[in-house]
Amino acid sequence: MDRLELFPDTTTIENDALTIAGCDLSALAAEYGTPLYLYDRATLDASVTLYRRALNAQYGSPKYGYHYPAESGLTYAGKAFLCLAIAQWCRQQDLWLDCSGLGEIVIAIAAGVPREHIVVHGVNKSPADLEAATRHARIIVVDNLNELERLVSLATSHSLPDLWLRFQPGLAVETHAYTQTGHADSKFGMGRDEILEAARICRGNQLPLKGLHFHQGSQFRDPSPLGIAIEKTLDLARSLDLNEDWVLSPGGGWGVAYHEDELPQPDVAAYVRFVAEAVKTGCQKCGLPLPRLQLEPGRSLVARAGVALYRLGAVKRTAHRTWLLLDGGLADNPRPALYGARYSALPVKGPERPAEEMVWMAGPYCESGDVIIEGLPFPKVEAGELIAVPVSGAYHLSMSSNYNAARRPAVLWLDGGHAYQIQRRETPADLLRRDCELPANSVEKG
Ligand code: LLP
């Protein structure tokens with residue numbers, strides 16, 4: 001069954017029910033409640049291995065005088081999903097961690113991620129972000145000239161981490177407009193002239209300029225725009241005074257299949273090969289020393305390891321639709337509403353039952369856009385059943401909300417037949433934790 005391929009590597013059907021990492025999903029739902037998010041450790045590990053093998057094979061050739069891995073060439077983009085346990089997993093895996101500002105830096109530090117592995121990104125970093133980055137990071141990726149001015153001031157009192165400049169190549173990858181970033185007029189990064197100016201400022205102030213970065217967008221499967229961006233970046237690098245051990249970070253963004261119609265999964269090895277070849281041939285052509293190549297995937301490392309489990313509360317048949325009303329949706333997964341993302345699903349019990357009707361799956365929230373699946377062939381299911389939505393590991397919980405005062409779901413780590421809670425479900429008390437009462441006199445006046 002194609003749909004099963006969307007699920008984590010350890011997914012099997014036992015006693016006519018889906019199991020992941022040897023865990024009985026009905027038992028987990030009974031113990032932890034729903035909606036419930038599951039992360040399969042084996043799939044997470046395998047995704048790192050896939051990237052590392054490809055990097056080693058494609059960019060490790062002594063023929064080019066480059067011996068990978070001198071250090072890890074992989075940075076995990078924490079914005080896809082970050083919590084203490086995921087940051088600890090990054091540490092165990094020796095991954096670098098891309099932190100968007102202070103909040104993610106705090107999580108990285110709490111997990112013991114070493115300074116040498118922390119890269120700080122962000123457009124319009126706040127003073128607090130820059131302060132935290134200066135104290136705790138190995139690299140700050142500078143987005144704009146105003147940020148660089150602030151770093152020049154900070155350099156008078158702090159020793160700065162290495163700096164990479166974020167180049168805006170004027171070309172995005174093919175993806176939803178809301179997830180494109182590399183195009184001209186994008187809010188991210190600096191154009192060629194600004195990069196040259198930034199490099200002058202770095203030189204003039206003896207700031208440690210060590211690399212160039214670009215990121216053209218997210219959830220793409222055609223790497224060709226990267227070839228052009230790499231060429232432009234190498235051309236730029238030639239004009240800068242970078243020393244031998246310079247770094248090139250071509251961002252992340254490699255896509256995943258969310259729906260069986262999008263299978264096979266985009267090939268990570270082919271993507272890495274494309275990037276490595278473009279860098280090697282580009283450097284040879286313009287006589288540049290090969291850079292350290294630092295890839296920065298988020299989604300393609302964690303998306304398929306994650307599964308969302310929902311309880312079906314009601315089946316509603318309208319004139320033209322069968323609605324399956326779930327106990328989660330928009331608040332834990334805003335992607336369908338934001339990007340029209342298409343998802344698939346299977347019932348936990350009897351996942352191999354033949355499809356009998358088209359279903360629309362919606363959540364409980366007061367929003368017509370709270371529909372996570374549209375027009376999916378599905379078996380006849382009944383209220384009370386569990387529904388599993390695959391490819392739920394990236395940009396769900398990290399973009400989740402408390403809309404309608406929803407409580408964010410619990411998250412479990414599945415490893416070798418065991419389930420460990422890595423985030424507990426929010427409680428009603430959590431919802432009130434930040435709130436303060438009106439001053440007493442304002443109540444009287446009212
Ligand atoms: N590096 C930088 C500088 C980025 O901005 C991003 C993603 C990544 C790496 C990782 O991209 P990934 O490999 O995860 O595609 N909320 C959207 C995605 C926004 C991505 C933002 N930046 C979504 O749900 O599709």
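First listed ligand is number 1; within each ligand, the first listed atom is number 1. What you are looking at is a predicted structure, and each value in this text was computed from that prediction instead of being measured.
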Worksheet item: Between H176 and ligand 1, which residue portion shows a heavy-atom distance shorter than 4.0 Å: side chain, backbone, both, or neither?
Response: neither

Response to the item:
For G298, the ligand 1 atoms with a heavy-atom partner under 4.0 Å come out as 10 (C), 12 (P), 13 (O), 14 (O)

Practice prompt. For atom 8 (C) of ligand 1, find the nearest protein heavy atom and state the residue, atom name and distance (0.1 Å precision).
Written response: H215 CE1, 3.4 Å

Practice prompt. Identify the protein heavy atom lying closest to atom 10 (C) of ligand 1, giving its residue, its atom name and the separation to 0.1 Å.
Written response: A77 CB, 3.5 Å

Item to complete: Could you label the plane-to-plane angle of the H213 and H215 rings as parallel, tilted or perpendicular, counting under 30° as parallel and over 60° as perpendicular?
Response: parallel

Practice prompt. Write out the residue and atom name of the closest protein heavy atom to atom 15 (O) of ligand 1, then the distance separating them to 0.1 Å.
Written response: S218 OG, 2.3 Å

Worksheet item: Which ligand 1 atoms, with their elements, are less than 4.0 angstrom from a heavy-atom of H213?
Response: 3 (C)

Worksheet item: Which atoms form the tightest heavy-atom contact between S398 and K79, and what is the distance?
Response: OG-O, 2.8 Å

Practice prompt. Answer with side chain, backbone, both or neither: which part of R166 has a heavy atom less than 4.0 angstrom from an atom of ligand 1?
Written response: side chain

Discussion item. Is any side-chain heavy atom of E131 closer than 4.5 Å to one of H158?
Written reply: yes

Worksheet entry | Which residue and heavy atom of the protein sit nearest atom 24 (O) of ligand 1, plus the separation | R335 NE, 2.6 Å

Item to complete: Around atom 2 (C) of ligand 1, find the nearest protein heavy atom and jot down its residue, atom name and distance.
Response: E296 OE1, 3.5 Å

Response to the item:
Scanning both residues in full, the closest heavy-atom pair of A29 with L309 reads CB-CD1, 4.3 Å

Worksheet item: Counting from 1, what ligand 1 atoms have a heavy atom of P297 closer than 4.0 Å?
Response: 13 (O)

Fill in: Proximity flag G253 to ligand 1, non-hydrogen atoms under 4.0 Å
yes

Item to complete: Would you indicate whether the side-chain heavy atoms of T75 and L97 approach each other to under 4.5 Å?
Response: no

Discussion item. Starting from atom 21 (C) of ligand 1, what is the nearest protein heavy atom, named by residue and atom, and what distance separates them?
Written reply: K79 CD, 4.0 Å

Response to the item:
Within 4.0 Å of some non-hydrogen atom of T179, the atoms of ligand 1 are 17 (C), 18 (C), 25 (O)

Practice prompt. State whether a side-chain donor-acceptor pair under 3.5 Å links R407 with T427.
Written response: no

Practice prompt. Do me a favour and list the nearest non-hydrogen protein atom to atom 17 (C) of ligand 1 with residue, atom name and distance?
Written response: Y339 OH, 3.1 Å

Item to complete: Return the minimal non-hydrogen interatomic distance between D370 and G363, and the atom names on each side.
Response: OD2-C, 2.8 Å

Item to complete: Check ligand 1 against M399 and write out every atom of the ligand that is under 4.0 Å from a heavy-atom position of the residue.
Response: 16 (N), 24 (O)

Worksheet item: At what distance, to the nearest 0.5 angstrom, does SG of C90 lie from CG of D94?
Response: 10.5 Å

Worksheet item: Would R335 count as a cation-pi partner of Y258, with NZ or CZ less than 6.0 Å from the six-membered ring centre and within 45° of the ring normal?
Response: yes

Worksheet item: For the atom pair CG (L263) and CD (E5), what is the distance rounded to the nearest 0.5 Å?
Response: 5.0 Å

Response to the item:
ligand 1 to R299, heavy atom cutoff 4.0 Å, flagged ligand atoms 12 (P), 13 (O), 14 (O), 15 (O), 18 (C), 23 (C), 25 (O)

